[in-house]
Amino acid sequence: MEPNNFEKDFREKLNQRKIEPSDKAWDRLDTMLSVAENKKPKKNRKWLYIAASFVGFLLVGTFFFNQKENTIETPKQVVVEKETEKEIKSKPITKPSLNILDSAKTEIAVSEKTSNETLSKEENKLNPKPSKITKYESNQIAESSIIIKKNQEKQTINNQNVSAENPKNATVDQLLETAENKVLAENSAKPKAKVKINASDLLNQVDGELELSFREKVITKVNKNYQTVKVALANRNQQE
Amino acid sequence: MKIIQLHQEETKIIKLAVENNRQAQQQIYSKYSSKMLSVCRQYIKDIQLAEDVMITAFMKVFTNLKNFEHKGSFEGWIRRIMVNECISYLRVQKKVKFAEDEFFVEESFNEIDSQFTVEQIQFLIDALPDGYKMVFNLYAIEGYKHNEIAKMLGINEGTSKSQLSHARKMLQTQITILKKQDNGTE
């Protein structure tokens, strides 16, 4: 199958032939090349992303590896701690909580009692003295006794009204007493409010404190264990 | 000396073109584009399509320029890329299929002494079916061997041979017709 003569002729003539491409051809190639060039940096960025993610995975991997080393030894203690936690939780929830409730109730009761007592004392304090005043006043003015009786009624109903209306007939002692009464009333009123909050909030507070202490315990224990593992690893590395 | 200098210049330009120097790329393009369009035209009848194929082939030339080992001729390397691009265009776009017959006759056409112009030669080649055309171009014009052509086209060596023999037969008849016409006009 030797090349024929006419084929030689074909080859020579075709190889010598030149066809000039259109002027647009280079422009098209130029734009294609510039497009390809713009694509290249993106490829590089892709590689960067891949490298970055690889480094990230390495970091995460090493972090988890270190964590695993810690957690290998911790579970035993975690169990113990859980038990202690259970003990802690069970005790305060079953018995102490009741106690707390009881104590709260008693506190409420006591405080109520005290408040009642203080109130009654106030009334006692308030009532006899204004009556004394009224006695003096009744000696002085007969009509005023009626007003004071009204005052007395008002006083027994409202302490504030007493303090408000007293100044009308007030002497220096009266003013002092009313002031004292105000203070006392405020003091007696405050414990009531406190007690109301205590009932629900105390439990939460105690729980929160327990949890906090538990957390602290866990953290300290984990830290201790971590330190021991660290030391052990360091020793092993040194030995190696 | 001149040839060595030219060669050195070319390697310089190629190096610059590898670094996406547009001027160097344009230099290479303007040096070889007319020849390469001629090559593409051998395979593709439509000059516009031939130009399209040439442009994509040049894209491949520039993107793979860093892979060019300065061993063979640079023109030959570009030419091979062009031929491959033309073949893949014909196979993918035109879905050329080769009849798997392995019938071929070894005939010699030495007695045919053609005195055709390039246009006439191109006309004769254009008249061939795409399968025949490819094998004929690769074998007779590019100088590939049958086993190489078989690999390039993904066909049997026998098929390549039979395609060539069919192409030659067809060309022979065409040439005789042309000659008769020429004689008639003369």
Side-chain angles (χ1 to χ4, degrees), chain A residues 1-68 237 240, chain B residues 17 20 22 25-26 29-30 32-42 47-48 50-52 54-59 61-63 79 104 106-122 124-125 136-137 139-143 145-146 161 164-165 167-168 171-172 175:
Chain A
M1 293 273 269
E2 286 286 307
N4 299 308
N5 273 348
F6 84 92
E7 283 173 14
K8 268 185 191 170
D9 183 50
F10 274 29
R11 186 191 293 177
E12 278 167 17
K13 281 178 178 166
L14 281 172
N15 284 345
Q16 280 171 1
R17 180 179 66 170
K18 284 184 178 179
I19 305 172
E20 283 299 323
S22 62
D23 297 335
K24 283 178 188 174
W26 168 249
D27 295 333
R28 278 167 67 195
L29 185 59
D30 189 38
T31 50
M32 277 167 88
L33 282 166
S34 47
V35 166
E37 273 175 44
N38 290 332
K39 272 184 185 174
K40 272 183 183 175
K42 278 183 184 173
K43 276 181 185 173
N44 289 335
R45 271 180 205 163
K46 266 186 187 175
W47 276 109
L48 265 176
Y49 284 133
I50 290 160
S53 59
F54 183 70
V55 169
F57 275 120
L58 266 178
L59 279 170
V60 170
T62 47
F63 181 71
F64 268 101
F65 192 70
N66 287 335
Q67 266 204 336
K68 266 186 183 176
N237 287 338
E240 280 175 357
Chain B
N20 273 324
R22 195 54 50 83
Q25 285 170 337
Q26 193 169 8
Y29 170 82
S30 51
Y32 295 109
S33 60
S34 55
K35 269 189 186 176
M36 294 310 145
L37 185 57
S38 167
V39 171
C40 293
R41 179 65 188 80
Q42 283 175 43
I47 186 73
Q48 206 56 47
E51 200 177 274
D52 288 352
M54 184 200 69
I55 287 166
T56 49
F58 260 112
M59 267 305 287
V61 165
F62 289 130
T63 48
R79 200 187 171 97
F104 56 92
E106 288 198 29
E107 284 176 276
S108 66
F109 304 96
N110 280 340
E111 71 273 11
I112 298 168
D113 185 32
S114 81
Q115 292 294 324
F116 297 123
T117 62
V118 193
E119 284 74 28
Q120 280 174 318
I121 292 164
Q122 186 61 61
L124 285 168
I125 292 170
F136 180 78
N137 269 326
Y139 186 87
I141 312 299
E142 308 299 334
K145 285 166 188 167
H146 277 298
K161 280 176 185 173
L164 180 70
S165 111
R168 274 175 172 168
L171 279 171
Q172 192 194 15
I175 285 163

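Reminder, nothing fancy here: chain letters follow the sequence lines and each chain counts from 1.
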- Query: Does A/V35 reach the side chain of B/M59, with side-chain heavy atoms less than 4.5 Å apart?
  - Reply: no

- Report the C-alpha separation of A/L14 and B/Q122 in whole Å, then their side-chain angles, then the decisive distance to 0.1 Å, and conclude whether the side-chain contact (heavy atoms from CB on, under 4.5 Å) test is met. CA-CA 8 Å; A/L14 281 172; B/Q122 186 61 61; 3.9 Å; yes

- Message: I need the B/Q25 CD to A/D30 CG distance, nearest 0.5 Å.
- Response: 8.5 Å

- With a 4.5 angstrom heavy-atom cut-off, could you sort out which part of B/E142 is near chain A: side chain, backbone, both or neither? neither

- Item | Steps toward side-chain contact (heavy atoms from CB on, under 4.5 Å) verdict (B/T63, A/M32) | CA-CA 11 Å; B/T63 48; A/M32 277 167 88; over 6 Å; no

- Note on the structure: Note: A/I19 and B/S38 closest approach over all heavy atoms is CD1-CA, 3.7 Å

- Of all heavy-atom pairs linking A/D9 and B/F116, the shortest is OD2-N, 4.2 Å

- Message: Less than 4.5 Å apart, side chain to side chain, heavy atoms only: is that true for A/E20 and B/S34?
- Response: yes

- Message: Between B/M36 and chain A, with a heavy-atom cut-off of 4.5 Å, which part of the residue counts as in contact: side chain, backbone, both or neither?
- Response: neither

- Supply the atom-to-atom distance A/F10 CZ to B/L124 CG, rounded to the nearest 0.5 angstrom. 5.0 Å

- A/R17 meets the salt bridge (Lys or Arg N to Asp or Glu O under 4.0 Å) criterion, sequence neighbours left out, with none

- Query: Which atom names give the shortest non-hydrogen contact between B/R22 and A/S34, and what distance separates them?
  - Reply: NH2-N, 3.7 Å

- Task: Pick one of side chain, backbone, both or neither for B/E51, based on which atoms fall under 4.5 Å of a heavy atom in chain A.
- Result: side chain

- Message: Can you tell me which portion of B/F58 sits under 4.5 Å from chain A's heavy atoms? Options are side chain, backbone, both or neither.
- Response: both

- Message: I need the B/N137 CG to A/R11 CZ distance, nearest 0.5 Å.
- Response: 11.5 Å

- Query: If you take all heavy atoms of A/P21 and B/S33, which pair is closest and at what distance?
  - Reply: CG-OG, 3.6 Å

- Hey, which residues of residues 22-29 of chain A are touching chain B, say heavy atoms under 4.5 Å apart? A/S22, A/A25, A/W26, A/R28, A/L29

- Item | CD-CG distance between B/Q26 and A/L33, expressed to the nearest 0.5 angstrom | 10.5 Å

